[in-house]
Amino acid sequence: MDKKNIIDILNRIGELLEIKGESPFKSRAYYNAVRILENLNEDIETLIKEDRLKDLKGIGDALNKKITEYYTTGSLKYYEDLKAEFPESLLELLNVPGVGPKKVGVLYKQLGIKTIGELEYACIENRLVELPGFGEKTQKKILEGIGQYKKYQGKYLYSEAYGQAGIILEHLKTLKGIRKIEIAGSLRRRKEVIGDIDILVASDEPEIVMDAFTDGDYVRDVIAIGETKSSIYTNYGIQVDLRVIKPDEFPYALQYFTGSKEHNVSLRHRAKEMGLKMNEYGLFKEDDTNILVADESELYEVLGLEFIPPELREDMGEIEAAANHSLPELITDEDIKGIFHVHTVYSDGSCTIEEMAHKAKELGYSYLGITDHSQSAYYAGGLKLDDILRQWEEIDNINKTISDIRILKGIESDILPDGSLDYPDELLKEFDFIIGSVHSNFGLSEEDMTERIIRALNNPYLTILGHPTGRLLLSREGYRIDMRRIMEEAAKNKKVIEINANPYRLDMDWRLLKTGKEMGIKFVIGPDAHNLQGFYDVKYGVGIARKGWLEAADVINCMGLDDIIREFRKGE
DNA sequence: GCCGTTTTCGGCCCGACTGTTTTCAGTCG
């Protein structure tokens, strides 16, 4: 029983209550509790054991009892009773964009629809149009939503897959008989979305490895157990393939299974031109003798190439660059000197400025740019003029007392539909820097949305364009924009573009970074942190920057404090 | 279901958008 189980059940209760039609404030209380637990800096088990849960603002008597019951007995009667009223599969319907709890309630009560499949069928049969509150367009939208949902099925965020892989590696590392163990596949290439996890092990004793792998706590189902390959589903539903390889073959297999497919096709083509044949077992001369290599880097060397970091293996020019020694020296986690884009209790963050500052300092950063939401972002508690003045005063005071880190005054200003920023110029110019982001009116035409952002990029006070497409991976497409034109405008006006490191966003997309860099654009890696944990997302942003060929010099938060201040003053 | 308090019931963030309606409900952020 861990925090995630508790959070899951509270969420499900909230959703079931909504479907049932209970007071919205009741379900909100459950969602509120979820948020509180997610942002908890203390161990939840300790809180339960010491009976301190109810001290948390937002958790009262009822929730305290329910959480404690679930934690101590492993089940919760209230939830079981609620579940008995509705099939649990109803909750899956909520994943379809455009379908909320009210619609689920109607679909279930009037048409007996319980699953996505049934819903899809009912749409095709034209049976939704007659329902109260539904119509032609709703039915069409739901059908499209189902299509989108299906597209994302079986896909996972990099951060989720990374976490799961870590657990498995930890479990296997202690085994004797393992000579080498590595992650391969898209996870090693640090793709933003992952289909499955590939793990390679070099060992002379495959049986021991396979037994241990398929026997871990993380296993939900075993799909197959073989001598060279076994597959499982983890508790989170991610498929994991583990391959055991003879130690001599490890470098070839690692290269082969890291991919990408396109990279390997190009690489094999190159090998063939050199009279060589390559596959997962080796690199063979025409007489079929294997060219022995100790690691991947020697393998690339034989092919006349510099070592190509896995992140770059997407067949986007990396092989040519490796051949003529022009691969970039990719940015690393250690290059990041300071942080921009964090939220605090002033808007929708859960920690104070001081807490965030101390964490940033502890992590070795030398500056921290605070960016709460601006006044138009009602839903996130955006800052009014008074709040801003109060925040500035607080920042000034903290800067006086804290050493080795400097807090910078920023704001994440909404870019309003007309492209203007959310405060008058007299106020805007007083900030150290400004991130401009789109948070509303996502439905503008491509033309209008592009114009909107271009106008913002022409605002002298805007420093950084935040999460440029607004996408949420696996759940929401970005808004329609002409990214090429936006990049041109950013380059012309010397505006920085954010690589939002939140694992749900990873926006802007790495596929565009190399082009942007060639256009002379500078980037910033921003965690969009809403709590202390958020700082740890920076590494995901670094991964994306690496995939986009970026070096430390391309990313402004690799600059030291003095340089950054000079950089910001340049615009004034 | 939680909170606060002028101690026990009333308020709980707010607005845009869409599609369905004919004045509003549901969804989303």
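A, B, ... follow the sequence lines: proteins, then strands. Residue 1 opens every chain.
Spacing between B/dT5 and B/dA16 at atom C1', rounded to whole Å, works out to 35 Å. Using atom C1' as the reference point in both B/dC9 and B/dC14, the two lie 24 Å apart (nearest Å). On the C1' atoms, B/dG29 is 12 Å away from B/dC13, given to the nearest whole Å. B/dT6 and B/dG11: their P atoms are spaced 16 Å apart (whole Å). The separation of B/dT23 from B/dT18, taken at their P atoms, amounts to 22 Å, rounded to a whole angstrom. Using atom C1' as the reference point in both B/dG26 and B/dT21, the two lie 13 Å apart (nearest Å). The C1' atoms of B/dC12 and B/dT22 are separated by 30 Å, rounded to the nearest whole Å. Across the P atoms, B/dT20 and B/dA25 are found 16 Å apart, a figure rounded to whole Å.
Pair check for B/dT8 finds none; no Watson-Crick or G-U wobble contact set falls under 3.5 Å.
The OH-C1' distance, from A/Tyr479 to B/dC17, rounds to 17 Å in whole Å. If you measure from atom CZ of A/Phe442 to atom P of B/dG15, you get 17 Å, rounded to the nearest angstrom. Summarising the geometry, the separation between CE on A/Met449 and P on B/dC17 is reported as 10 Å, rounded to the nearest angstrom. As a whole-Å value, the separation of A/Lys141 NZ from B/dT27 P is 9 Å. The CD1-C1' distance, from A/Ile59 to B/dC2, rounds to 10 Å in whole Å. Taking atom CZ of A/Arg28 as the reference point, atom P of B/dC3 lies 15 Å away to the nearest angstrom. In this structure, A/Lys26 places its NZ atom 18 Å from P of B/dC9, rounding to the nearest Å. Rounded to whole angstrom, the span from the CZ atom of A/Phe134 across to the C1' atom of B/dT18 amounts to 14 Å.
Shown are A/Phe431, A/Phe433, A/Tyr367; of these, the ring pair (Phe, Tyr, Trp, His ring centres under 6.0 Å) with A/Phe568 is made only by A/Phe433. Of the residues listed (A/Asp396, A/Thr371, A/Asp432), the one engaging A/Lys409 in a side chain to side chain donor-acceptor pair (under 3.5 Å) is A/Asp396, and it is the only one.
Counting non-hydrogen atoms under 4.0 angstrom, A/Gly443 reaches nothing in the nucleic acid. Using a 4.0 Å heavy-atom distance criterion, A/Leu56 is classed as a sugar-phosphate-only contact. At the heavy-atom level, A/Glu136 lies under 4.0 Å from the strands shown only through sugar-phosphate atoms. Within the 4.0 angstrom heavy-atom criterion, only backbone atoms of the sugar-phosphate kind lie near A/Asp61; the bases stay farther away.
Comparing B/dG4, B/dC13, B/dA16 by their nearest atom to the side chain of A/Lys57 picks out B/dG4. Closest to the side chain of A/Lys103, out of B/dG19, B/dG1, B/dT27, is B/dT27. Among the nucleotides B/dT27, B/dC12, B/dT20, the one closest to the side chain of A/Lys102 is B/dT27. Residue A/Lys137 places its side chain closer to B/dG19 than to any other of B/dA16, B/dC12, B/dG19. Candidate nucleotides B/dG1, B/dC17, B/dT27 were compared by shortest atom distance to the side chain of A/Pro101, and B/dT27 ranks first.
Heavy atoms from other residues, nucleotides or ligands lying under 6.0 Å from CD of A/Glu393 number 12 at most.
Between the CG atom of A/Asn399 and the CD1 atom of A/Ile353 there is a distance of 10.0 Å, given to the nearest 0.5 Å.
Taking only side-chain nitrogens and oxygens, A/Tyr78 comes nearer than 4.0 Å to OP1 or OP2 of B/dG1. For B/dG1, the OP1/OP2 oxygens have no side-chain nitrogen or oxygen of A/Ser23 closer than 4.0 Å. Side-chain N/O atoms of A/Lys66 include one lying less than 4.0 angstrom from OP1 or OP2 on B/dG1.
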**Request:** Using the side chain to side chain donor-acceptor pair (under 3.5 Å) rule, take A/Tyr540 and A/Glu192 through it: C-alpha gap first, then chi angles, then the decisive distance, then the call.
**Result:** CA-CA 9 Å; A/Tyr540 302 126; A/Glu192 69 277 29; over 6 Å; no
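When the nearest nucleotides of DNA chain B are assigned to A/Pro417 and A/Pro132 by heavy-atom distance, the more 5′-ward of the two goes with A/Pro417. Both A/Ser440 and A/Leu131 sit near DNA chain B, but only A/Ser440 has its closest nucleotide nearer the 5' end.
Side chain to side chain, A/Asp528 and A/Asn500 meet the donor-acceptor criterion of an N or O pair below 3.5 Å.
A/Lys77 has a carboxylate O that lies under 4.0 Å from a charged side-chain N of A/Asp81, or vice versa, which qualifies the two as a salt bridge.
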